[in-house]
There are 2 protein chains.
Amino acid sequence: MSDLAAALEVIGARWALLVVERLLEGPQRYGDLQRDLGAPTNILATRLRELEAAGVLYRLPLRHNTRAYALTDRGLALREAIVALGRWGGAVRGQVQA
Amino acid sequence: MSDLAAALEVIGARWALLVVERLLEGPQRYGDLQRDLGAPTNILATRLRELEAAGVLYRLPLRHNTRAYALTDRGLALREAIVALGRWGGAVRGQVQA
DNA sequence: CGGCGTACTTGCATTTTGCAAGTGTCGAGG
DNA sequence: CCTCGACACTTGCAAAATGCAAGTACGCCG
């Protein structure tokens, strides 16, 4: 399996990379992620569990039944890839059809 | 929708980015892609159609019922993102568990 | 004409994703 | 003490995507 395939096993599932992108701006709570991304709540919960298990993010307890999700070093290391993909996506949108 | 989400709409489906990665090494025929990637044939056919429609690759006729798939400029522009993701995936594999 | 290579398509089982509604817990307010 | 609301999920079920295996189409070669 290639390095790319290994990466996609971790962040290739739907919503996963969008969650990481959002967390690049700082720790976020569950409800914020859900509202900002518009992701289904059960999928979001599943992704957060998977990404935590993969060491991409961790839970940061705040108050009683409130916690935040924040990126680990491994998660922060995705910034370069996310920026590159974002630039590509933006460039593609800029062209009606090349 | 963010730029990243726009990118994922095009290359977020399973196998899509792996196809592009393979084509970065030059035009490939259907059978080669299938054997190298190990992707199911119906999915591969679907992806190739989608990626062609998105202007990421195009069909290059060779002999009678033989053609090759090659990247457009838009497809080649994914190189940076793919390299970045590949590096991340390789780095993650390098650590047993951080 | 019959078999071979190439590029797919088709039918159906399995898995993933999505929607809507429900559950558990804690703290504040009455 | 008891209810209510906020928050973070879970659960049940429908829809869509993915995967496997087998089949189809099309020319060329003998």
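Protein chains get the first letters and strands the later ones, always in sequence-line order, with residue 1 at the start of each.
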What pairs of nitrogen or oxygen atoms, one from the protein and one from nucleotides 10-16 of chain D, lie under 3.5 Å apart?
from   : atom 1 : to      : atom 2 : distance (Å)
D:dT10 : OP2    : A:Arg49 : NH2    : 3.1

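When distances are taken from the side chain of A:Thr66 to each of D:dC7, C:dT17, C:dA7, the shortest belongs to D:dC7.
Regarding contacts with the backbone of D:dA17, every side-chain N or O of A:Arg14 stays at 4.0 angstrom or more from both OP1 and OP2. Put simply, B:Trp15 has a side-chain N or O that comes within less than 4.0 Å of OP1 or OP2 on D:dG19. Dashed line: the shortest gap from a side-chain N or O of A:Arg67 to OP1 or OP2 of D:dC9 is under 4.0 Å. Of the side-chain N and O atoms in A:Arg59, one or more sit less than 4.0 angstrom from OP1 or OP2 of D:dC9. At least one side-chain nitrogen or oxygen of A:Tyr69 sits closer than 4.0 Å to the OP1 or OP2 atom of D:dC9.
For the pair B:Trp88/A:Arg74, a side-chain contact is recorded, criterion being any heavy-atom separation below 4.5 Å from C-beta on. Put simply, the side chain of A:Tyr30 reaches to within 4.5 Å of the side chain of A:Tyr69, judged on heavy atoms.
Rounded to a whole Å, the CD1 atom of B:Ile43 is 16 Å from the C1' atom of C:dA7. In this structure, the CG atom of A:Leu62 is 15 Å from the C1' atom of C:dG27, given to the nearest Å. Atom pair A:Asn65:CG and D:dC4:C1' shows a separation of 14 Å (rounding to whole Å applied). To the nearest angstrom, C1' of C:dC8 lies 10 Å from CG of B:Leu48. Taking atom CD of B:Gln28 as the reference point, atom C1' of C:dT6 lies 15 Å away to the nearest angstrom. Rounding to whole angstrom units, CD of residue A:Glu52 and C1' of D:dA8 are separated by 14 Å. Atom CD in A:Gln34 sits about 11 Å away from atom P in C:dC19, given to the nearest Å. Across the protein-nucleic acid pair, A:Leu37 atom CG and C:dT17 atom P stand 15 Å apart, rounded to whole Å.
Take the nearest nucleotide of DNA chain C for A:His64 and for A:Glu50: the residue whose nucleotide is more 5' is A:Glu50. If you find the closest nucleotide of DNA chain D to A:Gly31 and to B:Gly38, the one lying nearer the 5' end belongs to A:Gly31.
Across all strands, B:Arg63 comes closer than 4.0 Å to no nucleic acid atom at all (heavy-atom distances).
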Let me have the donor-acceptor pairs involving side chains of residues 11-21 of chain B, under 3.5 Å, with sequence neighbours excluded, atom names and distances please.
none

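Remark: B:Glu50 engages B:Arg47 in a salt bridge, criterion side-chain N to carboxylate O under 4.0 Å. Classification of A:Asp3 and B:Arg87 as a salt-bridged pair fails, no side-chain N sitting under 4.0 Å from a carboxylate O.
The CD atom of B:Glu52 sits 10.5 Å away from atom OG1 of B:Thr72, with the distance rounded to the nearest 0.5 Å.
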